[in-house]
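Quick note on labels: first sequence line is chain A, next is B, and so on, each numbered from 1.
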There are 2 protein chains.
Amino acid sequence: MSNSSADLRAIALAEFAAAGYAGTSIHRIADIAGLSKSSVLYHYSSKETLLEAAVAPAIDRMTQILEALEVRTLSAEGRLAFLSEFVDFLLEYRREVHMFINQGPSLVDVPVIDRANDLVVRLAKFFAANTASVEEKMRFGIALGGAAYMLCTQDSLGFDNTPVDETRAALITILTGLLAPVGDSANAAPSITVNGI
Amino acid sequence: MSNSSADLRAIALAEFAAAGYAGTSIHRIADIAGLSKSSVLYHYSSKETLLEAAVAPAIDRMTQILEALEVRTLSAEGRLAFLSEFVDFLLEYRREVHMFINQGPSLVDVPVIDRANDLVVRLAKFFAANTASVEEKMRFGIALGGAAYMLCTQDSLGFDNTPVDETRAALITILTGLLAPVGDSANAAPSITVNGI
DNA sequence: ACAGGCTCTGACCGATCGGTCAGCTAATTT
DNA sequence: AAATTAGCTGACCGATCGGTCAGAGCCTGT
């Protein structure tokens with residue numbers, strides 16, 4: 001047995017993330033699913049509707065995470081706990097995040113993508129408040145864009161058969177080092193030390 | 001006076017990077033340049049030819065960098081010097097790198113992009129040799145994909161009017177901390193220290 | 001004055017795009 | 001058994017895609 005609607009969502013998500021929304025035709029999605037183009041448009045009345053359905057869970061989860069985040073300022077422990085939660089989000093919705101990051105600007109006319117763009121901006125505002133230094137803003141951009149890219153390119157980078165737990169642990173370590181506040185002496189040290197090699 | 005060919009290359013590069021190769025029509029490029037679609041196809045006999053011309057300088061420079069790199073193993077000082085050189089490359093060819101990173105896999109049938117993919121693989125092999133740990137490979141992916149994303153999204157991240165020197169210095173600091181060998185004690189320290197907050 | 005490039009253009013081509021529609025089949029409901 | 005519904009399909013639509021082509025305008029060298 002199979003669920004055509006769910007299959008189509010998964011296929012569309014993979015193709016949209018890999019070849020781009022504009023670069024993926026309904027015909028191609030139908031072929032991969034073993035259906036006709038008409039069948040795809042039976043389940044989802046338009047290409048845009050299919051996109052919305054494919055990314056909706058990621059949008060919902062991201063909204064939920066951000067709302068819980070913005071009600072309070074985080075302590076150092078809370079910040080680390082959030083990072084762990086956010087890494088789980090990245091691992092589960094890597095394709096969606098990759099889409100938002102790389103195709104968000106060019107798909108602003110699609111409402112659901114516009115909401116995603118807004119979420120990214122809000123996340124950036126949390127990590128790098130208005131008072132943040134340029135380096136801090138850069139660190140956030142590198143962490144977000146880099147994680148999304150790396151997680152969607154594991155095979156080409158040569159560690160696609162790595163157990164999830166190991167990926168998760170390493171990602172938390174890397175992002176923690178990258179995103180810890182610049183003012184934090186424990187984090188300000190390394191770059192200086194390394195420069196002085 | 002103006003140089004239509006050079007203008008078209010620059011416009012095409014910006015559009016290809018922002019909206020994707022598949023998502024950018026020749027007509028749109030022509031409109032931005034103030035020309036007709038036919039004129040674009042006069043200067044570049046096909047869309048693919050235009051893409052090749054737009055990214056060729058980046059390919060050449062990248063090839064040159066890699067060839068100089070692969071003839072020898074780098075010392076710690078040499079590694080830092082290379083990183084500085086590579087950051088300059090990233091700053092100058094940010095759009096091209098962003099294209100290779102995000103559209104490379106879906107444009108393998110375009111010869112010039114296939115060469116770019118090969119260059120990225122060779123760079124990855126240099127930074128994270130076969131013996132490298134998973135975390136090291138992840139760090140490389142995050143650094144490369146993150147830098148390309150961040151540099152192409154400065155405006156949306158809120159530091160688009162930052163002087164280049166400051167961006168350059170911060171990027172070197174960040175990438176140094178990210179890419180220094182894991183075995184290096186000077187670099188292994190920070191993530192542990194931060195985890196222990 | 002004339003000839004030959006260089007730049008540019010609109011008209012046109014086949015292919016593909018997203019999307020509509022009438023109708024087929026098999027399962028479910030009544 | 002009859003009627004309805006869900007799932008799916010091919011034929012078809014207008015728009016847009018990348019690309020071709022014959023020629024118009026212009027500038028230069030002779």
- Message: With a 6.0 Å cut-off (strictly less than), is the heavy-atom count around CZ of Arg28(B), excluding the residue itself, greater than 12?
- Response: no
- Message: Categorize Thr49(B) for me: base, sugar-phosphate, or nothing, with a 4.0 angstrom heavy-atom threshold over every strand shown.
- Response: nothing
- Query: So what does Ser5(A) touch, heavy atoms closer than 4.0 Å: a base, only the sugar-phosphate, or nothing?
  - Reply: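 Nothing, no heavy atom under 4.0 Å.
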- Query: Heavy-atom distance under 4.5 Å between the side chains of Tyr44(A) and Leu51(A), does that happen here?
  - Reply: no
- Query: Is it true that Phe82(A) and Phe126(A) have ring centroids separated by less than 6.0 Å?
  - Reply: yes
- Item | Close residues, residues 33-44 of chain A, relative to DNA chain D [heavy-atom separation under 4.0 Å] |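 Residues of residues 33-44 of chain A under 4.0 Å from DNA chain D: Leu35(A), Ser36(A), Ser38(A), Ser39(A), Tyr42(A), His43(A).
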- Query: Side chains of Thr176(B) and Thr173(B): donor-acceptor distance under 3.5 Å anywhere?
  - Reply: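 No, because no side-chain N or O of Thr176(B) sits under 3.5 Å from a partner of the opposite role on Thr173(B).
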- Treating Ile, Leu, Val, Met, Phe, Trp and Tyr as nodes and any side-chain heavy-atom pair under 4.5 angstrom as an edge, say whether Met99(B) and Phe89(B) lie in one connected cluster. yes
- Can you get from Ile26(A) to Tyr42(A) by hopping between Ile, Leu, Val, Met, Phe, Trp and Tyr side chains that sit under 4.5 Å apart?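 Ile26(A) and Tyr42(A): separate clusters.
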- Query: Using a heavy-atom cut-off of 4.0 Å to chain A, what are the terminal contacting nucleotides of DNA chain C, in 5' to 3' order?
  - Reply: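 Listed 5' to 3', the contact boundaries are dC17(C) to dT20(C).
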- Contacts of type side-chain contact (heavy atoms from CB on, under 4.5 Å), residue Ala170(A), not counting sequence neighbours: Glu135(B), Met138(B)
- Quick one: NE2 on His98(B) to OH on Tyr149(B), what's the gap to the nearest 0.5 Å?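 Separation between the atoms: 8.0 Å.
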